[in-house]
Enquirer: 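Have a look at the structure that comes next, please.
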Amino acid sequence: MALRLGDIAPDFTAETTEGTITFHQWLGTSWGILFSHPADYTPVCTTELGATAKLKAEFAKRNVKVAAVSVDDIGSHRGWVGDINETQGTTVDFPIIADPQKVVATAYDMIHPNADDKATVRSVFVIGPDKKIKLTLTYPASTGRNFIELLRVIDSLQLTAKHRVATPADWKAGEDCIITPAVKDAEAVTLFPKGFRTVKPYLRYTPQPDR
Ligand code: BEZ
């Protein structure tokens, strides 16, 4: 069955470009992003892994560890990293998991046979420090993902894990948040000392609490 939000992210041990990792142990207390790509030495994937490498400092700032996976073997991954570094002007130093036996792909349901019965689609799993899945995304092979959007989502997930707020459409870090409906006005006065603005009883905005 497909993994759902709140499920424990399956643990595994796998060979990667950064050595063998046991996933949960490697994550430690960090947040994690596990994302699959269809195949090495393909154009969209090359740009995606380059984009991820360039965001290293942004992921680190958010205490997020990133790992990629495809069903290619470790020799293929190692060779391809050279191409990514050369063509994308960066250094890939996050693990790319070799999954020729499809252990990770199967555990995370990353092969969608009606799209491609051999290769992984572009899956994304955001995993919290509790090892639970906080977000899933699935893109087709033909569409590269927006990694800035992943940072935005992480900002929202980390904020909403600590404060009783949600984030509105197109929200970006620093913008006003929405007070969750379970918080009554009387409680909101205490929880949100910067104040709040009521548009409708169910739609109340407050400045981002941790800024
Ligand atoms: C790509 O990464 O460019 C790609 C991979 C598989 C199918 C289509 C495109």
Side-chain angles (χ1 to χ4, degrees), residues 1-5 9-10 12-21 23 26-27 30-60 62 64-127 133-155 157:
M1 196 172 72
L3 292 169
R4 295 177 175 172
L5 302 189
F12 57 83
T13 298
E15 207 177 358
T16 86
T17 49
E18 300 294 313
T20 300
I21 63 165
F23 190 52
W26 174 78
L27 283 171
S30 300
W31 287 69
I33 294 180
L34 177 66
F35 69 107
S36 57
H37 60 275
D40 296 356
Y41 296 102
T42 51
V44 177
C45 300
T46 299
T47 62
E48 285 196 325
L49 272 70
T52 306
K54 285 180 188 166
L55 292 173
K56 176 180 176 167
E58 294 299 322
F59 288 119
R62 293 163 175 82
V64 179
K65 289 186 175 176
V66 178
V69 60
S70 82
V71 299
D72 296 292
D73 64 29
I74 195 70
S76 167
H77 284 347
R78 288 206 177 108
W80 181 43
V81 163
D83 280 9
I84 301 169
N85 292 346
E86 176 196 329
T87 62
Q88 307 303 302
T90 189
T91 302
V92 172
D93 61 3
F94 56 86
I96 308 177
I97 297 162
D99 192 31
Q101 304 304 322
K102 302 185 173 69
V103 172
V104 178
T106 303
Y108 282 82
D109 196 27
M110 290 165 163
I111 295 183
H112 297 196
N114 292 327
D116 187 318
D117 61 1
K118 291 190 186 64
T120 43
V121 291
R122 297 188 196 280
S123 299
V124 182
F125 293 86
V126 177
I127 298 154
I133 294 171
K134 306 297 180 188
L135 174 127
T136 65
L137 285 174
T138 308
Y139 276 43
S142 51
T143 305
R145 287 156 287 197
N146 183 332
F147 289 83
I148 300 293
E149 166 63 3
L150 286 185
L151 293 176
R152 191 192 74 88
V153 161
I154 294 271
D155 286 341
L157 289 169

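Just follow the structure's listing: the first ligand is 1, and inside any ligand the first atom is 1. Start at 1 with the first residue, then count along the sequence. What you see is a predicted model, and the numbers here were worked out from it, not measured in a lab.
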Enquirer: Mind checking ring-ring contact (aromatic ring centres under 6.0 Å, His included) for Phe12 and listing every partner two or more places apart, or none if nothing turns up?
Expert: Phe23
Enquirer: How would you list, by chain and number, the residues with a heavy atom under 4.0 angstrom from ligand 1?
Expert: Pro38, Thr42, Pro43, Val44, Cys45, Arg122, Ala141
Enquirer: I'd like to check Ile21 versus Thr13 (side-chain heavy atoms, cut-off strictly below 4.5 Å). Are they in contact?
Expert: no
Enquirer: Side chains of residues 30-38: which donor-acceptor partners sit under 3.5 Å, not counting sequence neighbours?
Expert:
unit_1, atom_1, unit_2, atom_2, d
Ser30, OG, Leu27, O, 3.4
Ser30, OG, Asn63, OD1, 3.3
Ser36, OG, Val121, O, 2.6
Ser36, OG, Ser123, N, 3.0
His37, ND1, Val69, O, 3.4
His37, NE2, Asp40, OD1, 3.1
His37, NE2, Ser70, OG, 3.4

Enquirer: Measure the spacing between OG1 of Thr46 and CG of Asn85 and express it to the nearest 0.5 Å.
Expert: 11.0 Å
Enquirer: By the definition salt bridge (Lys or Arg N to Asp or Glu O under 4.0 Å), identify the one residue from Lys54, Arg62, Lys56 that meets it with Glu58.
Expert: Arg62
Enquirer: Kindly write out the residues that satisfy ring-ring contact (aromatic ring centres under 6.0 Å, His included) with Phe125, not counting sequence neighbours, or none if the list is empty.
Expert: Tyr108
